[in-house]
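Worksheet for the structure shown next.
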Amino acid sequence: MSSPSTPRSFAPVLRSEWLKIRTLRSLLGALLALFAATTAFSAIAGVSETSDPEFDPLFMALSGVGPGQIAAISFGAMAVSSEFHGGGLRLSLAAVPRRGRWFAAKATAIAVPTLVVGLVTALAALVVARAGLGEAASGLSTGEQVRGVVGCAIYLTLMALLAAGLAAVLRSGVAALSFLIPFILVVSFVIGDVAGGATDFMPDRAGQIIQYETHDGPLGPWTGLAVTAAWAAAALAAGAWSLRRRDA
C-alpha cells in the first residue's frame with residue numbers, strides 16, 4: 001500500500017485538477033488568447049520599422065510576450081478563483097483533505113499547460129517576427145534563440161503561478177487581476193523607467209531580461225528568471241498558508 005505522500009497518491013489529485021481546467025472554456029480561452037496575442041504582437045513588431053540604435057532583434061521578435069502575459073496571468077488567477085464559486089473549494093477539500101497536496105496539484109495543473117503553450121507560442125512568435133525582420137535578425141545565434149524561446153515559456157509559467165498564488169490569498173481572481181495588471185502596465189513600464197534601481201527586481205522586469213540578446217544591468221537572463229521564480233514561490237507559499245489558515 002502506498003503512503004499518502006507517494007507520487008501514486010498525488011497523480012489522481014493532479015488528474016482531477018487538470019480535468020477541471022480542461023472543462024472550463026474560459027481557461028482554455030485564456031491559453032488560446034496567450035498564443036494569439038503573443039504571436040500577433042510579435043508579427044506586428046517584426047514588420048515595424050525602427051531607427052533605434054539600440055535595436056535588439058531578439059527582444060523585438062519576442063516582444064509579443066509583453067501583452068501576451070496578461071492572458072497567462074488571467075489563466076493562473078481564474079484557475080484558482082474558480083474554486084471559490086459555488087462551494088467548489090469545499091468539494092475539492094472534501095475529496096482531498098490535505099490542503100497542501102491539493103494546492104500543489106492545482107499549481108502543477110496550471111504550470112504544465114502554461115509551459116507547453118508558452119513554448120509553442122514563443123516559438124511561433126519568433127518565427128513570424130523573424131520573417132518580418134529579415135536581415136535585421138540574421139545575427140541571432142541558435143543558442144540565443146533557444147534561450148529566448150525556453151526562457152519566455154518559463155517566464156509566462158512563473159507569471160501564471162504568481163497570479164495563482166495571489167488569487168489564493170485574495171480568494172478572488174478579479175482582485176488578483178486588478179492588482180497585477182495595473183502593476184505590470186503602470187508601475188513597471190512607467191514608474192520603473194524613471195526610478196530604476198530596485199525596479200529591476202520587479203517580477204516582470206526581471207523575468208523579461210531573458211528576451212534580450214544583450215542586456216546591461218545587475219541581472220542576467222537566468223538570474224532575472226530566478227528573481228521572478230522567487231516572487232512566484234513567495235506568492236504560492238502565501239496562498240498555501242492562507243488556504244491552511246482560512247475556512248473553505
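Everything quoted here is computed from the prediction, not taken from an experiment.
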Self-check item: Over 12 foreign heavy atoms within 6.0 Å of CZ, Phe59
Solution: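 Enclosed: over 12 neighbouring heavy atoms sit under 6.0 Å from CZ of Phe59.
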Indicate, with yes or no, if [Y] and [X] share a hydrophobic cluster defined by side-chain heavy-atom contacts under 4.5 Å among Ile, Leu, Val, Met, Phe, Trp and Tyr.
X: Val120; Y: Val65; value: no
X: Leu180; Y: Leu170; value: yes
X: Met159; Y: Val150; value: yes

Flag the pair [X] / [Y] as yes when at least one side-chain heavy-atom distance between them is below 4.5 Å, and no otherwise.
X: Trp241; Y: Val169; answer: no
X: Ser74; Y: Leu177; answer: yes
X: Leu162; Y: Thr228; answer: no
X: Leu158; Y: Tyr155; answer: no
X: Val117; Y: Phe75; answer: no
X: Val112; Y: Trp18; answer: no
X: Leu140; Y: Glu213; answer: yes
X: Gln211; Y: Cys152; answer: yes

Quiz item: Any ion pair linking Glu144 and Arg147 (charged N to carboxylate O, less than 4.0 Å)?
Solution: no
Practice problem: Give, for atom OG1 of Thr121 and atom CG of Leu31, the distance between the pair rounded to the nearest 0.5 Å. | Solution: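 The CG atom of Leu31 is 8.5 Å from OG1 of Thr121, to the nearest 0.5 Å.
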Quiz item: Out of curiosity, Met60 CE to Leu58 CG, how far, rounded to the nearest 0.5 Å?
Solution: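 Here the rounded value is 11.0 Å.
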Quiz item: Where does the angle between the aromatic ring planes of Phe183 and Trp231 fall among parallel (under 30°), tilted (30 to 60°) and perpendicular (over 60°)?
Solution: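 Phe183 and Trp231: tilted rings.
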